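Only one structure is covered here, and it is reproduced in the block below.
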Amino acid sequence: MSDRPHTPLLDQIARPADLKHLSDAQLTQVAQELRSETISAVSETGGHLGAGLGVVELTVALHAVFDTPRDKLIWDVSHQCYPHKILTERRDRIRTLRTKDGLSGFTKRSESPYDPFGAAHSSTSISAALGFSVARDLGGIIPEGNGDAIAVIGDGSMSAGMAFEAMNNAGHLNKRMFVILNDNEMSIAPPVGALSSYLSRLYAEQPFQDLKAAAKGAVSLLPSPFREGAKRAKDMLKGMAVGGTLFEALGFSYLGPIDGHDMDQLLPVLRTVKERATGPVLIHVLTKKGKGYAPAEAADDKGHATAKFDMVTGKQKKAPSNAPSYTSVFGKTLVDLAAKDDKICAVTAAMPDGTGLNLMAERYPSRTFDVGIAEQHGVTFAAALAAGGMKPFCAMYSTFLQRGYDQVVHDVAIQRLPVKFAIDRAGLVGADGATHAGSFDIGFMTNLPGMVVMAAADEAELAHMVKTAADYNEGPIAFRYPRGEGVGVDLPEVPEALEIGKGRIVTKGARVAILSFGTRLTEVQNAAEALAAKGITPTIADARFAKPLDRDMILDLAANHEAFITIEEGAVGGFGSHVAQLLADEGVFDHGLKFRSMVLPDTFIDQASPADMYESAAMNAPQIETKVLEVLGIATIGEKRA
């Protein structure tokens, strides 16, 4: 405990209501102590550091001015909520962040009444704040009461269409609500696009004030016939350049920009709007991601997501890697292929590093596009790149691709456009928990006519699949791979394109066939070793493709084994369901084949290590072994004695 920071004032804060007894100077001190406590906690747990450090003063000010949990404080994405959790009766558990049975790294309704709305994906907060505001005015009843709703949204999240849809609706309904635009010039990657440029221009006050004055003066010098045209031009200029007009056009009262690290600015503004607001208000707050912790401030990503680290130096304590990550294998393979094919290009949505496209962006910046937090746009943009004769790789996490699903259907699949979907973070992902688990993409992609769907069993297979996707031009194609390191196999010097719809037999055996789709193959092989000691040698096959299925291989396995088990890192309705459909259509079940499908359970699995999560899902080697013994009618291991 001796290395814990000295936090005498914070120690007196058990809940947000305790802040109301403090002076403004004391609130400033609480913020300093809260920053130290946040750094200390994350050094032990790892997690999202920079975003929380950027909103420490804002967090204290909001809880001091508003009355949570009656007032609804909604954090967009919510990876910046660690200081909020410390202030809201969870300080004693803050060092369990992102661990099994510990605090979530995001807001979570089931965890605390101070988390009125869960999040982990971006750009949902304004919609939620509007919903709470309307529920309040309609007389909705909840235990904490219904007060004001405050959405805190970053400038990166503000680039998503959903944020503007919500603001447009809020302006139309004219409900009292508050949006804090937390403008730190970063989402995860530096935000891109015209909106960020617009917000950046608001900083440079002096030149624009001069510009306004010059424009106003110049208009008066013009002959009257020209004045109207000049006025229209000036209004357009003002709309592009001067604070708040964009938001006011959507029906919001605009205040700012103000310094989000200065309590002397934050507290009076928040108190004023709480006292006087009648409709929707947007407060534009400038903050610095990683504020107050030099190693985070110095990092390119401002300490966005870190492993455990040394508090003094900021050096992260990452275990040495024995194998490259799947993400890096994808990124490197794509760069190598792009060197030989100038039609290959790449699209991602605010995750160039997370998807491995930073390598492509460094080497081929003109062919790499980060569209910001805008998955819907990213998918349709990729569709038109394909229609225009390019070979676009659309690289998104499985859980983020969900946000662009209508575009996958409407703009890509129906038109049979050869977009190549690189689906990262497939399966269970560990500390980020259910919000980031890639559980559903096998199902939602294999349902689409003409979509080719692959999953890599190891990092060498992934390299081959990147090449397969690059060469395939008949329509859309997708390949999925998990977070984390590969299994340590040798990578091919030159990846080869796989034959579409063809799997491979890994081990020939008897009685039971196990058909694996994706990286559970290693666990299947571990289970087979244990089964061999019991005299059972399963046939092991790697499907490679969930669509089109390898009909000949599957029917041959069914014909020559008494039992058949499929396994995949996805929810029910995916690969196993397609295999079962094929077997049913071919009448295989009419002759007594024993069939089982191992899929993720019908529940959202909370954060833990990936191994623990797959244990919960009953998909590790011991459970695979048990499944084989069960289907063959052999007594299970560890059976209780009579």
Side-chain angles (χ1 to χ4, degrees), residues 1-15 29-57 59-60 75 77-108 111-112 114-115 120 188 289-321 354 428-436 483-485 605-613:
M1 294 290 290
S2 58
D3 58 349
R4 298 277 171 89
H6 183 55
T7 54
L9 208 46
L10 182 62
D11 294 345
Q12 299 173 33
I13 308 301
R15 56 192 55 82
Q29 183 184 331
V30 168
Q32 292 167 349
E33 294 178 11
L34 181 59
R35 177 170 279 110
S36 298
E37 177 71 352
T38 302
I39 295 166
S40 172
V42 180
S43 75
E44 293 182 23
T45 65
H48 294 99
L49 178 64
L53 297 183
V55 297
V56 166
E57 288 81 8
T59 303
V60 173
W75 298 95
V77 184
S78 80
H79 59 313
Q80 74 282 62
C81 72
Y82 304 175
H84 158 82
K85 292 199 176 194
I86 292 168
L87 291 179
T88 54
E89 304 181 27
R90 286 171 278 182
R91 185 183 181 187
D92 60 332
R93 299 180 63 209
I94 199 66
R95 286 169 169 77
T96 69
L97 271 169
R98 295 161 53 87
T99 59
K100 187 176 184 180
D101 301 324
L103 292 179
S104 169
F106 304 100
T107 52
K108 192 172 184 180
E111 189 178 288
S112 169
Y114 291 97
D115 293 358
I188 295 169
K289 197 169 182 179
K291 172 75 173 177
Y293 185 53
E297 289 187 23
D300 289 344
D301 67 353
K302 306 301 179 193
H304 169 68
T306 74
K308 298 175 185 180
F309 60 89
D310 180 279
M311 270 182 66
V312 177
T313 64
K315 185 174 176 58
Q316 295 188 40
K317 301 170 182 174
K318 287 188 177 175
S321 169
L428 302 176
V429 295
D432 281 338
T435 53
H436 282 60
R483 180 180 192 170
E485 296 169 7
I605 301 175
D606 285 334
Q607 82 263 6
S609 71
D612 279 344
M613 293 177 86

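Computation of the quantities below employed the complete heavy-atom set of this structure, encompassing side-chain atoms and omitting hydrogens, waters and symmetry-equivalent molecules. Only a predicted model underlies this, so the values are computations on that prediction, with no experimental measurement involved.
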For Lys291, enumerate each residue passing the salt bridge (charged side-chain N to carboxylate O under 4.0 Å, His left out) test, keeping only those at least two apart in sequence or located in another chain.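 So Lys291 forms no salt bridge (charged side-chain N to carboxylate O under 4.0 Å, His left out) with any residue.
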Find the distance between [atom1] ([X]) and [atom2] ([Y]) and round it off to the nearest 0.5 Å.
| X | Y | atom1 | atom2 | result |
| --- | --- | --- | --- | --- |
| Thr59 | Leu53 | OG1 | CG | 10.5 Å |
| Thr306 | Gln316 | OG1 | CD | 5.0 Å |
| Leu428 | His436 | CG | NE2 | 14.0 Å |

Minimum-distance pair of heavy atoms, taken over all atoms of [X] and [Y]:
| X | Y | value |
| --- | --- | --- |
| Asp115 | Thr107 | OD2-CA, 3.4 Å |
| Ala41 | Ile94 | CB-CG2, 3.9 Å |
| Gly105 | Cys81 | O-SG, 4.0 Å |
| Gly292 | Ile39 | O-CD1, 4.3 Å |
| Ser78 | Ala120 | OG-N, 4.4 Å |

With side chain to side chain donor-acceptor pair (under 3.5 Å) as the rule and sequence neighbours excluded, what pairs involving residues 32-42 come up?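 Non-adjacent pairs meeting side chain to side chain donor-acceptor pair (under 3.5 Å): Gln29-Glu33, Arg35-Glu57, Glu37-Arg91, Glu37-Arg95, Ser40-Arg95.
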With a 4.0 Å cut-off, would you call Glu111 and Arg93 a salt bridge?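 Not counted as a salt bridge, because no side-chain N and carboxylate O are separated by less than 4.0 Å.
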Using 4.0 Å as the upper bound for N to carboxylate O, is an ion pair formed by Arg483 and Asp432?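 The answer is yes: the pair qualifies as a salt bridge.
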Could you go through Lys108 and Asp606, starting from their C-alpha distance and side-chain angles, then the distance that decides it, and tell me whether this counts as salt bridge (charged side-chain N to carboxylate O under 4.0 Å, His left out)? CA-CA 11 Å; Lys108 192 172 184 180; Asp606 285 334; 2.8 Å; yes
List for me each residue that meets side-chain hydrogen bond (donor to acceptor under 3.5 Å, both in side chains) alongside [X], sequence neighbours excluded, and say none if there are none.
| X | answer |
| --- | --- |
| Glu297 | Lys288 |
| Ser104 | none |
| Ser43 | none |

Does the [X] side chain pair with the main chain of [Y], one donor and one acceptor, at a distance under 3.5 Å?
| X | Y | result |
| --- | --- | --- |
| Lys85 | Phe106 | yes |
| Gln80 | Val56 | no |
| Tyr82 | His48 | yes |

Suppose we screen for ring pair (Phe, Tyr, Trp, His ring centres under 6.0 Å). Which residues come up paired with Tyr293, at least two apart in sequence or across chains?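 Result, ring pair (Phe, Tyr, Trp, His ring centres under 6.0 Å) vs Tyr293: Phe309.
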Quick one: are [X] and [Y] in side-chain contact, heavy atoms under 4.5 Å?
| X | Y | value |
| --- | --- | --- |
| Ser609 | Lys100 | no |
| Leu87 | Leu10 | yes |
| Arg4 | Glu44 | yes |

Picking from Leu97, Thr96, Thr99, what satisfies side-chain contact (heavy atoms from CB on, under 4.5 Å) with Thr45?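 Output: one option passes, namely Leu97.
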